[in-house]
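Note sheet for the following structure.
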Amino acid sequence: MFTLSTILGFAALALATSRTSAPSGALTVGSSGTYSTIQKAVNALSATSTSSQSIFIEAGTYSEQVYIKALKGPLTIYGYTTDTSSYADNKVTITADKALADESTDDETATLRVWTTNFKMYNVNVKNTYGSATSNGQALALSASATGQGYYGCGFYGFQDTILAETGYQVYGHCYIQGATDFIFGQAAAAWFDACEIAVLTASLGYITASGRASDTSSYYVINNSTIAAASGATVPSGAFYLGRPWEDYARVAFQLTSMTDVINSAGWSEWSTSTSNTEDVTFAEYDNSGAGSKGTRASFATKLSEAIAIKSILGSSYESATYVDTSYLS
Ligand SMILES: *[C@@H]1O[C@H](CO)[C@@H](O)[C@H](O)[C@H]1NC(C)=O
Ligand SMILES: *[C@@H]1O[C@H](CO)[C@@H](O)[C@H](O)[C@H]1NC(C)=O
């Protein structure tokens, strides 16, 4: 992918190319790599260099929690794969099982905690296997806790609070995102999800997003050209899931050009809880969705858009040249 896209100057995504060896200069993780764990490679990065750095992870399952502190320059993580275009053939998995029951913040439960900016990650699966719990079951796969982050061809697996899209500008392209409760959540990010597969787990009631936008800020989650369906093997009653509920009362989320099966309730969106509705100032928007889950009478606090939201209005007019954006993963 590197030589082809560099030499020819176009995105090689459609060619389903392989990435089975380390790009030049990358630190390597795996049985024939320099580092045995991802954290050891992260710790070996320069914290003072402003140059681009990268890590290549060999095929394998890595049972560890990974914390990436703020670096001075860009960082890219590449997973081994024979098909860079999607998550479907990913061979690298990072897995852990921490939950809020044992930690003091949501972030500290995440299998992958990314606190650096100008960050990209390709073809890595990130799992939190804690599963369901009745209390303090927040168990994140990813904590995306700095601005300027892009995730491409990645898989995120959890049950409650899978992805914390917390702050700044973020892109998720051609990713798989699985969960049951509030599994795309956070407070301040402007995040664009494109061509993602959103998969819901067995539950009688569930929520995809939980926006914690607490005032009139630029935070917005936009899900574009994606799919929503039951995860493979999951049993989900018709209408069990909502597109979102408002964690805070300026919650703002849009689903557009997205197909959804009947797992989505005809009301589309939910109150936060019966005692705290939080719905007065929400923006819960849709445009041109399809499938059984897009039909029916939406909640009174839902918005029907007359045109699609443009990516520039979310990520800024110069998003295409931003370090964290790989436009070849935007549909
Ligand atoms: C939507 O995304 C899919 C990839 O999941 C892509 O194949 C398709 O071309 C996209 N649709 C449009 C209209 O761009
Ligand atoms: C959003 O999805 C539509 C297809 O449904 C696609 O044409 C458009 O390029 C997508 N936007 C971005 C920024 O990828």
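Order of listing sets the numbers, starting from 1, for every ligand and every atom in it.
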Partner of Gln138 by side-chain contact (heavy atoms from CB on, under 4.5 Å), out of Leu164, Asp161, Asp182
Asp161
Distance under 6.0 Å and angle within 45° of the ring axis: does Arg213 meet both against Tyr250?
no
Using the six-membered ring of Tyr207, assess whether NZ or CZ of Arg245 lies under 6.0 Å from its centre and within 45 degrees of the ring axis.
yes
For atom 7 (O) of ligand 1, decide whether some protein heavy-atom distance is shorter than 4.0 Å.
no
Less than 4.0 Å between atom 3 (C) of ligand 1 and some protein heavy atom, yes or no?
yes
Check whether any side-chain heavy atom of Leu243 lies under 4.5 Å from a side-chain heavy atom of Met260, and answer yes or no.
yes
Do the side chains of Phe183 and Leu201 get nearer than 4.5 Å, heavy atoms only?
no
For atom 9 (O) of ligand 2, grab the closest protein heavy atom and report residue, atom and distance to one decimal in Å.
Ser331 O, 2.7 Å
State whether the shortest distance between N or O atoms of Asn225 and N or O atoms of ligand 1 falls below 3.5 angstrom.
yes
Element-labelled atoms of ligand 1 that are located less than 4.0 Å from some non-hydrogen atom of Ala195
2 (O), 4 (C), 5 (O)
Of Val222, Asn224, Leu257, the one whose closest heavy atom lies nearest atom 5 (O) of ligand 2 is Leu257
Looking only at non-hydrogen atoms, which of Ile314, Leu315, Asp194 approaches atom 14 (O) of ligand 2 most closely?
Asp194
